[in-house]
Amino acid sequence: MMSSSSLSSSLHCFPPPSLTFQNLKNNDRLIHNFNTPLELKQLHARLIKTNTPLSILPLTKVAFVCALSPSFSYAHQIFSHILEIPQTSIWNSCLIRFAEGDCPSNALLLFYQMRLFDVLPDTFTCSFVLKACLKLSDVVNGKIIHGLFQKLGFGSNLFLQNMILNLYGLCGEMGDAMLLFEKMPQRDAVSWNIVIAQLVKRGDIDGAYGFFLRMPNKNVRSWTSMISGFVQCGKPKEAIDLFMKLEDEAVRPNEVTVVSVLAACADLGDLDLGRSVHEYSTKSGFERNVHVCNTLIDMYVKCGCLENARRVFYEMEERTVVSWSAMIAGLAMHGQAEEALCLFSEMIKLGVKPNGVTFIGLLHACSHMGLIDEGRRFFASMTADYGVIPQIEHYGCVVDLFSRAGLLEEAREFILSMPMKPNGVVWGALLGGCKVHKNIDLAEEAIKHLSELDPLNDGYYVVISNIYAEAERWEDAARVRKLMKDRGVKKTSGWSSITVNGVVHEFVAGDQTHPQAEDICKIWDKLLVKMKGRGYAPKTSVVLLDVEEKEKEKFLYSHSEKLAVVFGLMTTPEGTPIRIMKNLRVCEDCHAALKIISGIVSREIILRDRNRFHCFRDGQCSCRDFW
DNA sequence: GTAGGGTTAG
């Protein structure tokens, strides 16, 4: 091989003695040895002197080197000497390079050069320029290209119409997009899929579904767009229903479909479906796909199977920052802070660059386990060592970290020092800490901000009214409840669910509507005797009503998570874990009760609440009572 | 040589 220094020295002894056509052809590097128009001109001169045909020049590179300079005309001349046909294709290959590169506007510049020199655009030219417009969200130039290709006679080219359709949609010109779609003489699956995806992006899930239903020949992308659309719009149940309908079609789910439906399983905690989609993925060879594995990790994490999530993670052939972040966040959610921190060190050792999401997982890990100093260090180091600028979510995590640990004043100072306006999540984190650590004054300060920032969120009113009730300030509690009523804010009622043999059973507090309600009651009574024998004392202070003790106990015993657990004990095989989901945070009394129950029945009880997982085993909880 | 769907947080 010729080193660059020997190459340049051979250029200095000009003309090289053996620069013949044959030698040039054999010496590919020499022919490529130009990076500026000037160097090209020198090479050109040599070719003429040695009587070598210009056609051996790498034409695409010639175009690229001259594309955006006054030398355009020079390259243009070279091509005219070589080619009898139009030189469009050479410039096209240049265009796509620009369009796909870091500076797509260069494609536009080149395109206007081409127009200036009367190089005739073909459909590929237009599509590459449109690609650049798409990357730049440049609908103005897009419209110019649209007009141009219509003039050039490509107006009915489906490919180009689809690109324009996508561009209009992406730039928010939905009116133009729909007009174009309606006027299109023919449409293919791509046209329909573009409209569906655009409507999904705008949050118009019903509109998207309307198009989906009208669409004649749906392909796997149509189904996948719709399924992922439902997931993105917070309708995982609809996503799963649609996935089930896919079974009757002659369309096979692919990796992307699997990712979308697994995300829905994660949201719903649907472990059964998640497992069977995993099996399908294994059979189909999808486990080589890093997206699929990342979503499998998340699915298993959110379905309470940390062990399976770990297995997927460790068996992955390659991992991205998303895989690491998903696993770290998962460990945090399950209270395995030490392991999460270890994983982070390992990730850094392997040279994977953490992103903002990685740090959210880490900060969660710290705040769920009260690791205050570690949390502080991570927050400082994310900018200092990794160049990740903290977003409001990170500030929220730190406020949560301080507040849970009882450092309420420090949390407040931290909020006041934030470089951006604190949002509801931030003040809400402080409020949560005030409830645990019984600080009414700070809670009142937090609620003042919250009633402005997030006036329709029922959770905050409930917390402050509970804080008052716990302090037996019944009048204040009542005042908050009235405020809620005046503002039309409804309290979200708590529910817990358990899946048995594929059927989801949902319970709300005091629920007597379940067909087996009577049996549940009987079993609970028996269990209660054993629980009291092991020191369970109903924590009636959790009941925030001004009623008799006995009444309070009755309320406690009918909490939805207790009903769900008892139902699980009745209907699932001995020794198997019981998995419960709750829409709100677990109450203190239920937490104490489930710990004791797990010891009595020797069963693992895995509870996913709004915030995190609690895994009860042998009378203990994985959260170590810090939550 | 060209167009449409995907993952971690919240």
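Just so it is clear, the model here is predicted, and its values are computed rather than measured. Residue numbers begin at 1 in each chain, while the letters A, B, ... track the order of the sequences. Side chains included, hydrogens not; waters and symmetry mates left out as well; all remaining heavy atoms used.
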Which residues satisfy the side-chain contact (heavy atoms from CB on, under 4.5 Å) test with F64(A), sequence neighbours excluded?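 Once residues adjacent in sequence are excluded, the partners of F64(A) under the side-chain contact (heavy atoms from CB on, under 4.5 Å) criterion are C94(A), R97(A), F98(A).
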
Could I get the full list of salt bridge (Lys or Arg N to Asp or Glu O under 4.0 Å) partners for D270(A), not counting sequence neighbours?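 If we apply the salt bridge (Lys or Arg N to Asp or Glu O under 4.0 Å) test to D270(A), skipping adjacent residues, there are no hits.
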
Just checking F154(A) against F159(A), ring centres under 6.0 Å apart?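 Judged by ring-centre distance (under 6.0 Å), F154(A) and F159(A) do not meet the cut-off.
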
Would F124(A) count as stacked on dT2(B) if the rule is ring centres under 5.5 Å and plane angle under 30°?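 No.
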
Whether F128(A) stacks on the six-membered ring of dG1(B) base, 5.5 Å and 30° limits: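 According to the criterion (under 5.5 Å, under 30°), no, F128(A) does not stack.
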
Determine whether W91(A) and T125(A) make a side-chain contact, defined as any pair of heavy atoms from C-beta on separated by less than 4.5 Å.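 Answer no - side chains too far apart.
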
Show me, pair by pair, the donor-acceptor contacts under 3.5 angstrom made by side chains of residues 235-248 of chain A, not counting sequence neighbours?
none

Categorize [X] for me: base, sugar-phosphate, or nothing, with a 4.0 angstrom heavy-atom threshold over every strand shown.
{"X": "Q161(A)", "answer": "nothing"}
{"X": "K302(A)", "answer": "sugar-phosphate"}
{"X": "D298(A)", "answer": "sugar-phosphate"}

Atom-to-atom span, [atom1] of [X] to [atom2] of [N] - whole angstrom:
{"X": "L95(A)", "N": "dG1(B)", "atom1": "CG", "atom2": "P", "answer": "16 Å"}
{"X": "L331(A)", "N": "dA9(B)", "atom1": "CG", "atom2": "P", "answer": "12 Å"}
{"X": "L130(A)", "N": "dG1(B)", "atom1": "CG", "atom2": "P", "answer": "20 Å"}
{"X": "I145(A)", "N": "dA3(B)", "atom1": "CD1", "atom2": "C1'", "answer": "16 Å"}
{"X": "Q232(A)", "N": "dG5(B)", "atom1": "CD", "atom2": "P", "answer": "10 Å"}

Donor-acceptor pairs under 3.5 Å, side chain of residues 192-201 of chain A to any protein atom, not counting sequence neighbours: which ones?
from, atom 1, to, atom 2, distance (Å)
N193(A), OD1, S222(A), OG, 2.9
N193(A), ND2, A189(A), O, 3.4
N193(A), ND2, N219(A), OD1, 3.2
Q198(A), NE2, N166(A), O, 3.3
Q198(A), NE2, N166(A), OD1, 2.9

Near-strand residues of residues 176-205 of chain A, defined as heavy-atom separation under 4.0 angstrom from DNA chain B: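 Hits under 4.0 Å, by residue number: D188(A), A189(A), V190(A), N193(A), I194(A), A197(A), K201(A).
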
List in numerical order all residues of residues 375-401 of chain A for which some heavy atom is under 4.0 Å away from an atom belonging to DNA chain B.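 Hits under 4.0 Å, by residue number: none.
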
Can a side chain N or O of N162(A) be found less than 4.0 Å away from OP1 or OP2 on dG4(B)?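 No, no such contact exists.
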
Restricting to pairs with a member in [range], which pass salt bridge (charged side-chain N to carboxylate O under 4.0 Å, His left out), not counting sequence neighbours?
{"range": "residues 120-134 of chain A", "result": "E100(A)-K131(A)"}
{"range": "residues 321-347 of chain A", "result": "R310(A)-E339(A), E338(A)-R624(A)"}
{"range": "residues 148-177 of chain A", "result": "K143(A)-E173(A), K143(A)-D176(A)"}

